[in-house]
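Computation of the quantities below employed the complete heavy-atom set of this structure, encompassing side-chain atoms and omitting hydrogens, waters and symmetry-equivalent molecules.
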Amino acid sequence: MLYYLFNYLYKVHHLPGAGVFQYISFRAALAVVTSLIIAQFFGKPLIRKLQMLQIGETVRDLGLQGQMEKKGTPTMGGLIILLAILVPVLLFAKLDNIYIVLMLLSTVWLGIIGFVDDYIKVVKKDKEGLAGRFKVLGQVGLGITVGWVLFFSNDVTVRQYALANGSFSAVDASGVYQDVKLMITTVPFLKNNELNYGDLFATAGDFFNEYYAFFYIPIVILIITAVSNGANITDGLDGLAAGTSAIIGITLAIFCFVSGNALLADYLDVMFIPNSGELVIFCTAFVGACVGFLWYNSYPAQVFMGDTGSLAIGGIIAVLAIIVRKELLIPVLCGVFLVENLSVMVQVSYFKYTKRKYGEGRRLLRMSPLHHHYQKLGYHESKIVSRFWIVGIMLAVLTLVTLKLR
């Protein structure tokens, strides 16, 4: 909203200094500062309110060090994250940008699903929370919406440059280009790293070639569901999910800035996506919200984000990666989420397999998810979190290296 106000003051009344709001970098800086202030200013009162309402975490005794001390700690702190994201974006971003609209929708959509789950758990005292099928249904609904908009909206384009041989490419910039509707993505570590989803079905006949949206949208659903659940599973130690998400958010902010800037995209030989630079403002607000929340969520936590926060931040990361055509990098960038997810799947599958084969279930890990395995080995919670952050930073650096390593 402030963008439009200052744009009006600059163009109509020629107010000195108002033109600085034209710059994405300036508005991104304001967004991160504002999100930090909001998290700090509203965090403490919200925690007190949650304590007053006795909205505390219920803890099952799993024999983990320091676990029972967390009993009664306020949850639903993800409201701090949501507020610290939404307010700066509404203030400083272009609200008619299709990508900003999608990100706001994704944040609110998954935030509501997570809030309902937390409400049922802590207010209605139902430990099961929102039934799993309703969670999945909500995630699928968001995936359909995001996939449909990205596939069919005329505002979603990529820039194709004319090559000497008469063909077009999303990289190798030249003076002749066209912005077209094309569902292509980036394949990491390859020189000619464009993958057109349509080409996957081109040999299957005209029907599949024309209507491959029905295959693209399930891919979007899978990514959003997997990453949001991965973030949800990772949220098991103080500061783990928030810190890891902040690292991922910084990386995605760099990708958004590069992909939305024609000169940088040309220099780094990456895909230019018109109007995607505006997402930098969303990314910086997201990072500021996660870091601001860490003030209260770092060990020992004063508040937990709950599903209100974890489902939302996972969905945000997934949709951002899909928009900037970096979804195939998610296994690297979100490696911590992936390993946490896999640790649960492998543990459960192995337990069921050995129970059928030997009559009793056996475990590969002492406990899943993986962070609880290390707790069982005797590592202190803060050390586990710190080392997971370090791994997250290493994966983020590796992800950024893919800009040039092909």
Side-chain angles (χ1 to χ4, degrees), residues 24 28 99 103 150 156-161 163 168-173 182-197 199-200 216 219-220 222-224 226-227 230-231 234 243-280 282-284 286-287 290 313-342 388-406:
I24 288 175
Y99 301 125
M103 293 313 306
L150 291 178
V156 178
T157 60
V158 295
R159 183 157 294 178
Q160 291 278 286
Y161 297 94
L163 302 180
F168 284 85
S169 171
V171 294
D172 298 321
L182 198 60
M183 299 317 299
I184 60 175
T185 190
T186 303
V187 182
F189 307 114
L190 296 181
K191 185 172 181 62
N192 299 315
N193 62 345
E194 300 169 34
L195 171 65
N196 188 335
Y197 284 107
D199 291 343
L200 297 176
Y216 172 74
I219 293 173
V220 175
L222 175 64
I223 293 170
I224 291 175
V227 180
T234 303
T244 304
S245 298
I247 294 166
I248 295 171
I250 293 170
T251 309
L252 287 171
I254 294 172
F255 278 127
C256 291
F257 189 73
V258 172
S259 298
N261 186 296
L263 294 176
L264 280 175
D266 178 19
Y267 175 72
L268 292 171
D269 202 28
V270 299
M271 190 187 308
F272 174 60
I273 305 170
N275 302 316
S276 64
E278 200 69 18
L279 287 171
V280 177
F282 188 96
C283 290
T284 53
F286 174 72
V287 172
C290 290
I313 62 178
I316 286 168
I317 289 168
V319 178
L320 278 170
I322 292 168
I323 288 175
V324 293
R325 317 298 174 103
K326 298 293 184 291
E327 62 267 29
L328 297 184
L329 279 170
I330 285 178
V332 181
L333 177 60
C334 302
V336 172
F337 294 168
L338 176 64
V339 170
E340 292 274 57
N341 237 338
L342 288 176
F388 272 57
W389 286 355
I390 293 170
V391 172
I393 293 171
M394 293 166 61
L395 293 172
V397 171
L398 178 60
T399 305
L400 290 173
V401 166
T402 63
L403 284 172
K404 293 302 289 182
L405 183 62
R406 302 176 188 170

Nearest atoms (heavy-atom pairs only) where Ile273 meets Arg325:
CD1-CG, 3.6 Å
Begin with the C-alpha distance, continue with both residues' side-chain angles, and end with the deciding distance and a verdict on side-chain contact (heavy atoms from CB on, under 4.5 Å) for Leu395 and Val391.
CA-CA 6 Å; Leu395 293 172; Val391 172; 4.0 Å; yes
Would you say the side-chain atoms of Thr186 pair up with the backbone N or O of Lys326, donor to acceptor, closer than 3.5 Å?
no
List for me each residue that meets side chain to side chain donor-acceptor pair (under 3.5 Å) alongside Thr185, sequence neighbours excluded, and say none if there are none.
Glu327
Check: Thr402 side chain, Leu398 main-chain N or O, donor-acceptor pair, under 3.5 Å
no
Could you grab the distance from atom OG of Ser276 to atom CG of Asn261, nearest 0.5 Å is fine?
9.5 Å
Is any side-chain heavy atom of Ile313 less than 4.5 Å from a side-chain heavy atom of Phe286?
yes
Are the side chains of Val270 and Phe255 in touch, meaning some heavy atoms are under 4.5 Å apart?
no
Shortest non-hydrogen contact from Val156 to Leu150?
CG1-O, 3.6 Å
Might you point out which heavy atoms bring Leu195 and Leu328 nearest each other, and give the distance in Å?
CD2-CD1, 4.3 Å
So which atom in Ala396 and which in Ile247 form the shortest heavy-atom distance, rounded to 0.1 Å?
CB-CG2, 3.8 Å
Supply the atom-to-atom distance Ile323 CD1 to Leu252 CG, rounded to the nearest 0.5 angstrom.
10.5 Å
Between the main-chain N or O of Pro274 and the side-chain N or O of Arg159, is there a donor-acceptor pair closer than 3.5 Å?
no
Residue pair Ile248 / Thr244, side-chain heavy-atom distance below 4.5 Å:
yes
For residues Cys283 and Gly249, report the shortest heavy-atom separation together with the two atoms involved.
CB-O, 4.1 Å
Return a table of donor-acceptor pairs under 3.5 angstrom between the side chains of residues 330-342 and protein atoms on other chains or two or more places apart.
{"unit_1": "Glu340", "atom_1": "OE1", "unit_2": "Leu370", "atom_2": "N", "d": "3.0"}
{"unit_1": "Glu340", "atom_1": "OE1", "unit_2": "His371", "atom_2": "N", "d": "3.4"}
{"unit_1": "Glu340", "atom_1": "OE1", "unit_2": "His371", "atom_2": "ND1", "d": "3.4"}
{"unit_1": "Glu340", "atom_1": "OE2", "unit_2": "His371", "atom_2": "ND1", "d": "2.5"}
{"unit_1": "Asn341", "atom_1": "ND2", "unit_2": "Ala226", "atom_2": "O", "d": "3.2"}

Just how far is it from atom CG of Leu403 to atom OG of Ser259, taken to the nearest 0.5 Å?
8.0 Å
Tell me the closest heavy-atom pair linking Val287 and Ile250, and the distance in Å.
CG2-N, 3.5 Å
Interatomic distance, Tyr99 atom OH to Leu279 atom CG [nearest 0.5 angstrom]
8.0 Å
